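All values derive from a computational prediction rather than experimental measurement. So that the names make sense, note that chain A is the first sequence line, chain B the second, and so on, each numbered from 1.
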Amino acid sequence: MISDRMNNPFVDFNEKSSFLTGNLSDLGGSFIPESLPHREEQILQMAKLLGSLMRNGRPSNIVVYGRTGTGKTSTTRHVMRMLTDATNGYVRICYINCQINDSQYSVLVTLVNLFSADSEENIPLSGWPLDRIYSELVSRIKRSSRPLLLVLDEIDRMIAKSGSDSLYVILKLGDDVDGLSCSIIGITNDTSFSERLDSRVRSRLNQESMLLPPYNASELKDILSYRTKGILREGSLEESALNLCAAIAAREHGDARKALDLLRVAIDITIRNSSLVITDKEVIAARERLEIDILRETVKSLPLHTQIVLLSCVVTQEVTRRPSFTGEISRNYSEICQELGNSPLSNRRVSDLISDLDDIGLISTRIQSMGRNGRSKLIQLEENGDQLKKYLMEVDSLSSFVGAGLGKQSRLNLGNDNDPAN
DNA sequence: ACTCCACAGGAAAATTGGGGTA
DNA sequence: TACCCCAATTTTCCTGTGGAGT
């Protein structure tokens, strides 16, 4: 179909990226490499703890702690792969990300469906009573009669949403299926996670814990060198650019994912600029682009009403030029909802959404008492307001606020004139 | 010492939306 | 089709709170 190579941008792009010798997506977060530099010790430790699964024994449950990018998931997945290889797939391994499946119901359903044989139908994502799903799970596990390793990534999300009970049900599996050899690995970046479990769950789950320390700059450099082998032609990555990637990520709590992302984006920028060598300049540009991308992505992925609350925070602070109070945010939120044609949520719910925004880090809050004038949360933007507004305006359902919003600023609730205290 | 404000945030009730069953 | 069950979400109701004002 395309005969004119000279005018084909894909051909052009491919030739420009001639320093690439492999697949750039291999630097992405989901790729699990053959080996994990500086995690050999932890891999060995985890493998030892799980060893008895191969002998149908009852290994300990493990909680893996570590900050973002310390290799918790990669280490665990690596061990999963080793276990599969060593047992020829005899040990059944279920990996569930609790950020996606964060309710008791959805974890159980996912688990049951992972166990479904070809002949069995998947159970629906809602509708069934929990006890029915549980007994379905038990009967499917009984039929399978193979050792089970259950990995719950971001396990703290499940506890935050459904409480300890949801975990207790899963931990109980071992008791309800006679002779089941089952081990659970929980992965979390929340060091206070186990404190929030009730005692019966804590003692069962936290039999063993592993803490993955942050990587230092030199370890990060090793990781980057290892991961770029086979992807970049020799000499296409300057030593100082490599050091810079490692140094930036080391400063960000030793985050290997950050280091890999930086390098990946730096490579991308180099290709786009038709350069042939990745230098400090590209790494610095990559850092800026990543920061923007993360913020934009965060803002755009918020639920609609959380976005409107954030918009209210931005607009209110834009006008008052001081931190705002919950009441102001709530009233302006309702105004904005009205303007956009959405029915507003209750103040109680808005208060929760404000807490959510605080958790995400887009705003910071602290409770302040004004004596006779009551007590309220003082809310301050953590990010540049103009930038937040720009990203919010890119959201389809909010974009109509632009012109109208600015024009209507005068009627927004900005404290004093609408404050019942006055 | 007591009052009162404007909420925070817990608990229970109500609503919503997906699915099953007769 | 009408009704039931269920989990998740949201609303309603409520108690608790810190500190300026009295």
Donor-acceptor contact below 3.5 Å, side chain A:R146 vs main chain A:S181:
no
Take A:R132 and A:D352, find for each the nucleotide of DNA chain B with the closest heavy atom, and name the residue whose nucleotide sits nearer the 5' end.
A:D352
Of the candidates B:dC7, C:dG18, B:dA11, the side chain of A:S369 sits closest to C:dG18
Output the rounded distance in Å from CZ (A:R372) to P (B:dC2).
15 Å
Between A:D280 and A:A241, is there a donor-acceptor pair closer than 3.5 Å when you use the side chain of the first and the backbone of the second?
yes
Using distance alone, with no hydrogens and no angle criterion, decide if A:K72 and A:N189 have a side-chain donor and acceptor under 3.5 Å apart.
no
Would you mind telling me which of C:dT12, B:dG9, B:dC7 lies closest to the side-chain atoms of A:S346?
C:dT12
Is a donor from one side chain sitting under 3.5 angstrom from an acceptor on the other, for A:Y95 and A:D153?
yes
Just the rounded figure in Å: distance from P of B:dA8 to CG of A:D358.
12 Å
Check this one for me: any side-chain N or O of A:K377 less than 4.0 Å away from OP1 or OP2 of B:dA6?
no
Ignoring hydrogens and geometry beyond distance, is the side chain of A:R375 in donor-acceptor contact with the base of C:dT17 at under 3.5 Å?
yes
Note the angle between the end axes of the helix from B:dA1-C:dT22 to B:dA22-C:dT1, five pairs defining each, rounded to 10 degrees.
30°
Measure the distance from CG on A:L378 to C1' on C:dG18 and round it to the nearest whole Å.
15 Å
Rounded interatomic separation in angstrom, taking CD1 from A:I367 and P from C:dG16:
16 Å
The nucleotide from B:dG9, B:dA6, B:dT3 with an atom nearest the side chain of A:S376 is B:dA6
Of the listed nucleotides (C:dA20, C:dT10, B:dG9), which one gets closest to any side-chain atom of A:R349?
C:dT10
Side-chain donor/acceptor of A:Q317 to backbone N/O of A:L381, under 3.5 Å
yes
Beyond-backbone contact of A:Q380 with A:R322, side-chain heavy atoms, under 4.5 angstrom
no
To the side chain of A:T326, which of B:dC7, C:dT11, B:dG9 is closest?
B:dC7
How long is the line joining CD of A:Q368 and C1' of C:dG19, in whole Å?
11 Å
Figure out the CG/P separation between A:N347 and B:dA6, and round it to whole Å.
13 Å
When rounded to whole Å, the CG to P distance for the pair A:N342 and C:dT10 reads 13 Å
Measure from CG on A:L353 to C1' on B:dG9 and round the result to the nearest Å.
14 Å
Residue-phosphate contact under 4.0 Å: A:S351 side-chain N/O, B:dG9 OP1/OP2:
no
Quick one: does A:R348 reach the base of B:dG10 with a side-chain donor-acceptor pair under 3.5 Å?
yes
A:R289, CZ: over 12 other non-hydrogen atoms inside 6.0 angstrom
yes
Name of the residue among A:R287, A:R67, A:K258 meeting salt bridge (Lys or Arg N to Asp or Glu O under 4.0 Å) with A:E252:
A:K258
Between A:M370 and A:H305, which has a closest nucleotide on DNA chain C that is more 5'?
A:H305
